[in-house]
Student: 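First the structure, which I've put down as structure tokens, then a few questions once you've had a look.
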2 protein chains.
Amino acid sequence: MSKTILIVDDDKKIRDMLRLYLAKDQYYIVEALNGREALYVARYEKPDLILLDLMMPEMNGIEFMKIYRREANTPVIMLTARASEIDEILGLEIGADDYITKPFIIQALRARVKAVLRRASGDAVESDVLRVGEMVLDRTGRIFKIKGETVNLTPSEFSLLELLMLNCGRAYSRIDLLQHITDGPVLESQTRAIDVHVRNLRAKIEPNCNEPRFIQTVYGMGYRFMDGD
Amino acid sequence: MSKTILIVDDDKKIRDMLRLYLAKDQYYIVEALNGREALYVARYEKPDLILLDLMMPEMNGIEFMKIYRREANTPVIMLTARASEIDEILGLEIGADDYITKPFIIQALRARVKAVLRRASGDAVESDVLRVGEMVLDRTGRIFKIKGETVNLTPSEFSLLELLMLNCGRAYSRIDLLQHITDGPVLESQTRAIDVHVRNLRAKIEPNCNEPRFIQTVYGMGYRFMDGD
DNA sequence: ATTATTTGTCATGGAGTTCTAAAAATGGCG
DNA sequence: CGCCATTTTTAGAACTCCATGACAAATAAT
């Protein structure tokens, strides 16, 4: 079954060029000239991916995202004219999955489109890929990535993070966590080992280890995974 | 007699998957594609539990809840795509009983469905997420919020508030309260400690500490939680 | 067999929490 | 009102809990 891609750009030349090349990869292409139009088209067509220009008349990319992100979780690749705009994209909480600056090489874009669609198709419920922000935990592949970079996790660390991410927002006691990464009975005394694993995990995945954003300590209880922006 | 579960999600793949697996547990499953449809189905079928996607076209989960909560008290498990949406669920006045982030493992969801139905079938509704006015106490997440702002509670304070909110309106003696926050035997003498905890709690949750609105003193007896506006 | 990696133990210091004790304030009731 | 019982408030001592670093044991890799 062919994937649907929505192209949003006010420049006809760019839309044509994108349609031409992406059609080669057997996608079904729909278009919109600005954010307002994109909203209508997206709601109707339910695209699998959106290529979104940042600067447009009527309604720009950021405004579009603000509204659309409340309705769907469709992956988005942002198209920006200037490199400096990238900061803006990353800085604001737009929720773009990737970005590329114009003028871009069409092959680079094709590769990213493929990559995002591959990731996202695994995003369905039956999938084994957990995504939180820039982090991707692939359960079947036992691979963990941040911003596309593979981060090496030990078996215990992976197992721990797996439970926490799967049950995002829930607080777990050390005993529960220990039970999950161990087979067989566990001893109350081994409970401090979890602290050490958490420390090592934080060193690998937290932007700032002293102010954990994802793996939070629940005083008197244990730990919780959550995106505490 | 078989329980009825209403699944509300615009993604057919997710609906199919949920129906398939939940049917194994002998539930009667009904479906809706968005909030608007869900309203009709819910009114007609009167489900015992609703699995509700947050992001949907036509009418999203939040809007649905705003309307439906005025009509019925059916327990709801929210399905969210992104971790950051949990904050929204807890922050806004959505009366959800539990939540789970996609993608989830079906076993986890089955367990929670069972848990919610078990709690709800006994007429005492023991939700995971307790809500009184602007306050939200997330029992499994161990998070307490007022107007969307996280308020840090110590383990004893959390435990105390949990019991009181769960049994809203009921007065408890200091011994009972002490027993609840302690494991092991308690001493009559420690009973004054409760006063201190209550004081600290009031400082954190009462709009005006001198005129407690929520944690009320029952003279000669103990304390009671109640919205005494 | 040797090395590297991973896992678990322990001690320490500091942060956060709980409890006590005593004084001040308040409520109930004759 | 005035008294006593009860609750509130305060401060600090005692305690619990967690992060950290150093290290030893177990396990896997070479």
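To find a chain, count down the sequence lines: A is the first, B the second, and so on, and within it residues start at 1.
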Student: Side-chain donor-acceptor pair under 3.5 Å between A:Thr74 and A:Tyr68, yes or no?
Tutor: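 Their side chains do contain a donor-acceptor pair, which is all the 3.5 Å distance test asks for.
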
Student: Using whole Å, what does the distance between atom C1' of nucleotide C:dG8 and atom CD1 of A:Ile181 come to?
Tutor: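 For the pair A:Ile181 CD1 and C:dG8 C1', the rounded distance is 10 Å.
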
Student: Can a side chain N or O of B:Tyr223 be found less than 4.0 Å away from OP1 or OP2 on D:dT8?
Tutor: yes

Student: Mind running a 4.0 Å heavy-atom check of residues 150-160 of chain B against DNA chain D and sending the residues that fall below it, in number order?
Tutor: none

Student: If only side-chain N and O atoms count, and only distance matters, is there a donor-acceptor pair under 3.5 Å linking B:Asn152 with A:Tyr219?
Tutor: no

Student: Salt bridge or not for A:Glu71 and A:Lys46, using N-O below 4.0 Å?
Tutor: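 Looking at A:Lys46 together with A:Glu71, the answer is no, because their closest N to O distance does not fall below 4.0 Å.
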
Student: For B:Lys204, what residues pass the side-chain hydrogen bond (donor to acceptor under 3.5 Å, both in side chains) criterion, not counting sequence neighbours?
Tutor: B:Glu157

Student: Quick one: does A:Leu130's side chain get under 4.5 Å of B:Thr101's, heavy atoms only?
Tutor: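 A side-chain contact under 4.5 Å is absent here.
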
Student: Taking atom P of D:dT9 as reference, at what distance in whole Å does atom NE2 of B:His197 sit?
Tutor: 15 Å

Student: Partners of B:Arg192 by side-chain hydrogen bond (donor to acceptor under 3.5 Å, both in side chains), sequence neighbours excluded?
Tutor: B:Asp195

Student: So, B:Asp98 and B:Lys114, do they make that salt bridge, N to O below 4.0 Å?
Tutor: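 Result for this pair is no, no salt bridge flagged.
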
Student: Near DNA chain D, under 4.0 Å by heavy atom, which residues of residues 198-208 of chain A?
Tutor: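 Residues of residues 198-208 of chain A that come under 4.0 Å of DNA chain D are, in numerical order, A:Arg199, A:Arg202.
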
Student: State, with a plain yes or no, whether a side-chain heavy atom of B:Tyr223 is found less than 4.5 Å away from one of B:Thr217.
Tutor: yes

Student: At what angle, to 10 degrees, do the two end axes of the helix from C:dA1-D:dT30 to C:dG30-D:dC1 meet, given five pairs define each axis?
Tutor: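 Computed from the C1' atoms at both ends, the axes differ by 40°.
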
Student: Do nucleotides 21-30 of chain C as a string where each nucleotide becomes B, S or -: B if the base has a protein heavy atom under 4.0 Å, S if just the sugar-phosphate does, - if no protein is that close.
Tutor: ------BS--

Student: So is B:Arg202 actually on top of B:Phe214's ring, under 6.0 Å and inside 45° of the axis?
Tutor: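 No, B:Arg202 and B:Phe214 do not form such a contact.
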
Student: Does A:Val218 reach a base, just sugar-phosphate, or nothing at all? Heavy atoms under 4.0 Å.
Tutor: sugar-phosphate

Student: Roughly how far, to the nearest 0.5 Å, is CE of A:Met78 from CD1 of A:Ile62?
Tutor: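 It is 6.0 Å, given to the nearest 0.5 Å.
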
Student: If we only count heavy atoms from C-beta on, is the B:Met55 to B:Asn60 side-chain gap below 4.5 Å?
Tutor: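 Contact flag for B:Met55/B:Asn60 side chains = no.
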
Student: Could you grab the distance from atom OH of B:Tyr172 to atom CD of B:Gln179, nearest 0.5 Å is fine?
Tutor: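 The CD atom of B:Gln179 is 12.5 Å from OH of B:Tyr172, to the nearest 0.5 Å.
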
Student: On the nucleotide D:dC17, are OP1 or OP2 found under 4.0 Å from the side-chain N or O atoms that A:Thr217 carries?
Tutor: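 No.
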
Student: A:Arg170 vs A:Asp176, test: salt bridge (charged side-chain N to carboxylate O under 4.0 Å, His left out). Steps then yes/no.
Tutor: CA-CA 12 Å; A:Arg170 302 182 113 67; A:Asp176 286 348; over 6 Å; no

